[in-house]
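Heavy atoms only: backbone and side chains are in, while hydrogens, waters and symmetry mates are out. We name chains A, B, ... by the order of the sequence lines, and we start the count at 1 in each one.
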Amino acid sequence: MYNDIRSELASDIITAISAIGLNAPENIELKPLSGQFAGKWGYACSVSFQLAKQAATNPAQLAERIVAALPTRREVARVEAMNGYINVYLNTSWFANQVIAAVDNEGDYYGNGPTRNERIMVEFSQPNTHKAFHVGHLRNACLGSSVVNILRASGFEVIGANYIGDMGAHVIKSLWCYLRFHKDEEPPHQRGIWLNRVYVEGNARTEYKNEVLALSQRLVRDHAGAKAAAFDYLQEASAHHPDASYLISSLPSKDRPDYGAFADHDLLLGAWARLGEWLPTSDVDTEDRAEYARLDAHMDWWPQVDGWKAEQAALWRQWEARDPDLIALWQRTKAWSMEEFYRIYQQLNVQFDQWFFESEVEVEGVTLTEELIKRGIATDERPTGTVFVKIDEQLRKNPELAAKYARQLNAKNPDGSPKEVWRTIVLLRSDGTSLYGSKDIALARVKLADFHADRLVYCVDVRQSLYFEQVFKLIELLGFPNVDRFTHLGYEMVTMKGGAMSSRKGNVLFYEDIAAGAVDKALSIINEKNPELDDIAKRDIAEQVAFGALRFEMLNKDLNKVIVFDWDTALNFEGQSAPYIQYAHARACRVLEKAAQGERFAPTYSTAVAAQGEQPFAPTYSTGETNLTPPPVGEAGRGSDYDFTILTGEETALLELIGRYPDEIAKAAELYRPVNICIYLFDLADAFNNFYHNCPIIKAETPALTQARLALTHAAKQTLRNGLTVLGIAAPESM
RNA sequence: GCGCCCGUAGCUCAGUGGAUAGAGCAUCUGACUUCGGAUCAGAGGGUCGGGGGUUCGAGUCCCUCCGGGCGCACCA
C-alpha cells in the first residue's frame, strides 16, 4: 500500500549511510512535513544530527552527502538537504491517486487495519440501577464505546461489555426507602429518575448522623469561632460525660470521629446547637450555612437512624435468603432504571455485545473468596471482622510473584520499614455479604474462561486505580492466565464549574438535563438556519448534532485531564466541535449532490459494502487481502487516474490528511486514545473547509479538474464519515 | 505520611527527543453580484509553574522545589 513508502525510504537512507562508510542506526524515523512546510507532502529525517560526530562533520554537510547517495524512486519528486535535515517530497500526483483509490475501494472500511488474532473484552459504562446517570457516566460511555470502535477498526476482535451495578448497598437503601416511605407512589413515566430521588432520600436518612458529624467537624476545623462555641459546650459537659473528651480530641483532627468510640451520641447535639447559635455571627460560606439549615430541619431523623439501619440489615438478610417478595420488588424497580439506560445508550449511539450484572457474580464471588481463605491467601475474621487480603504479604509468600515484583516489594520508607504498595483489599463484610472486589474476581474468571478473552480492558475512572491494581494482583495470586494483559483504562473525572460534583451539595449534573439542553440549542440553530425543513427532520438532525457535540466534548481531551463541565463550552457548536466536522461533511455531500444533478460527475465510488448493513468495523468483517488492497494505479483502477499533476497547497494538505487516516486509527488503538481521532478529524475538516473555500469544484477551470476535485471531495467526505462513526458521532448529510 | 495525575496564550486544549511552540473560544478588523457564513482570512496575545541535569538538540527524558486534583479497610 502507499503507506509502505515510509519504510522503503527509511531503508534507502540506511543503505545510503552505509554507502558513505558510516554505521547506520537500526531504524530511522521519518516524520511528516509540517509547520513551515504546510501544504507540502513528504517526510523529514533528522538522522544527520545523530551521526555528525561519528562522521566528524556537521549535520548540514552530512545531510547533503546522504542525499547525494540516495537512489531515485518514481514515488519521490525531490529530495533536499536543508539545515541538516533530509526532506523527501513525494510525487504528489501519484500519491493522490493512490489515496483516492484506497478510499474509493474500501469505502466505509477505509482506515481499518488487518485482522489481528486477539480477542479483547472492554468493560465500560458500569451504571448503578436505582441511581441516576450523570455526567461522569457520560464520559465513561463515550470513551468506552469509542475505544471499542477504534480497536475493532484496528483489526481486533472486541467484545464490548457492560457491568450493571444492580445489587449492593445503594439498592438496599433505595428499596428500604421505597418500602418505608414511598410504597405504590411511582409515577407513570421517568420512573428511573424518580427512583434516584428515592435512593437519595434513603441515603440521606441513613447517613444523617454521619453528615451531622462531618459538618460539625468541618466547621470546628476551619473556624476558630466554631471551635470555641462547640468546645464551650463540650468542656461544660465533660464534668458528667466521660465521652466529651473523645469529641474534644477528635473533632479538630484530620480523621473522621467514630460513633463507635463514644456511647452517648446525643452528646454531639449539644455542640450542634451551640454551632447553630454561633453560625449567624460567622463568616461561614453560604453552602455550609445551607447545609446546616438542611440538616437541622431534619433533627427528627436523629433518634431514628439506628433503627433504620437495623431495618436495612434485615433487608440484606431477606435478600440473602432470596425472599420472593423482595426479589420481585427488586426486579420491578431495576427494570425502571434499565429502561432509562437503554434509552440513553440509544441516544448516545452506544452498543454492548455483552451485559453482566453484579447480582449474577455475587455467589461465585463468595465461592472464590472461600477458596482464597482455604489457600491461606485471604484472612477470615468473621463475624467480628472482615475477609481481607494483605496483598504485599501474599505476594512475598509466592516465590514466583515475589521475584516478579521484587522492585516494588523491596521499596523502603525513609525510616527503613518496607513500603506497603498494594495495601489491603476487603472482599466480604463482617456479616458475610460480598463487596465489589469479590465480584470482580468472579467476573474476571467468567471473562477469561467463558469468553476466552486474551486481553481485558476496564474503562473506569482513575480514582479506582489502586483498587484495580489490587484486583489484578489477586487474580494473579489465584493463578489466572493473561494477567499481564489486563489494563485499567483510567480517566479523570468530570467536575462542574463550582468544584467537584457532590450529591451533598446538590451540584450533580444529570445526563437528562445535559441532553435536553443540547437538543434545545441545536433545534434553535436549525430553526434559524434551515427553517424550511419539516419538524421530523429538524428533530432528527438536532439530535445528531446535539449528541454528537456532547460525545465530542467528552472525547476531545486526553484521559488524564479533568473535564470541567461548562454549558457555554459544551453547547458551543463552532470551532473545535462535532458540528464543525459534521458541517464539513454536509457541505461535501451537497457539492457531490449538485454535481450529480449537473451530470458533470458520475460518481464512481461504491457504497455496496456499506449497503449490506454491517457495521464497518464489526467483528464479522473479514479482511482478506483482496478487499483491502486497492488496484494498481492506471491498471483498471476504478476512479484512480485523475489529473492531480497540479495541486494547490489546500488540495495537498487535504490529500495528505486523508492518506494518514489508517495510521491515526492504528495509533489511537495502540494507545487507547480517542482524543487522537478527535484532533485528527478537526484537522481534516479544517483542511476540507480550506480546500472548499479556495478551490472551485463544480466550476473549476476544466472538466478534468472538476472530476479530480469531486473525487477528492468524495474521499474527504468518506474519511470524515468513517472517523465520526468510530467516535460514535452521526454524519448527517445536511444540517 | 505514602502513592498516582495535572501545570503550555485571558480561558479550554494539541504538541509521544528535532527546524520559527500550534489550534479553538474570547477581543478587534475584514470576506468575491460564483459550490451552505455552524465557514474563511488577518491582528494582538508565550521567560511552556521555578531551578538544576542528560543530549548535537528538551514543552517532551531525569532530579528537585512550588501550586492544584485524586486515592490509601468493610462505598463502588
Are Phe49(A) and Tyr85(A) close enough that their ring centers fall under 6.0 Å? yes
Return no unless some side-chain N or O of [X] is found under 4.0 Å from OP1 or OP2 of [N].
| X | N | answer |
| --- | --- | --- |
| Arg423(A) | C4(B) | no |
| Lys699(A) | U34(B) | no |
| Lys31(A) | G18(B) | yes |
| Arg463(A) | C4(B) | no |
| Tyr583(A) | A38(B) | yes |
| Tyr692(A) | U39(B) | no |
| Lys561(A) | A14(B) | yes |
| Asn560(A) | C6(B) | yes |

With heavy atoms under 4.0 Å as the rule, sort [X] into base, sugar-phosphate or nothing.
| X | value |
| --- | --- |
| Ala169(A) | sugar-phosphate |
| Phe49(A) | base |
| Val462(A) | nothing |
| Lys529(A) | base |
| Val545(A) | base |
| Glu29(A) | nothing |
| Phe37(A) | base |

Are Tyr580(A) and the base of A38(B) stacked, counting only ring centres nearer than 5.5 Å and planes tilted under 30°? no
What I want to check is whether the side chains of Lys131(A) and Asn196(A) have a donor and an acceptor closer together than 3.5 Å. no
Do Asp440(A) and Tyr467(A) have side-chain N/O donor and acceptor atoms under 3.5 Å apart? yes
Looking only at side-chain atoms of Ile679(A), point me to the closest of A14(B), C70(B), A38(B). A14(B)
Return the nucleotide paired to [N]: Watson-Crick means purine N1 to pyrimidine N3 with N6-O4 or O6-N4, wobble means G-U with N1-O2 and O6-N3, both under 3.5 Å.
| N | value |
| --- | --- |
| C35(B) | none |
| U55(B) | none |
| G71(B) | C2(B) |
| G30(B) | C40(B) |

Partner of Phe682(A) by ring-ring contact (aromatic ring centres under 6.0 Å, His included), out of Tyr580(A), Phe552(A), Tyr583(A): Tyr580(A)
Counting heavy atoms not belonging to Glu532(A), are there more than 12 under 6.0 Å from its CD? yes
Tell me if the NZ atom of Lys538(A) is crowded by more than 12 foreign heavy atoms within 6.0 Å. yes
Look at the side chain of Asn87(A) against the base of A19(B) and say whether a donor-acceptor pair falls under 3.5 Å; ignore hydrogens and angles. yes
Please state the P separation for the pair C2(B) and U64(B) - nearest whole angstrom. 12 Å
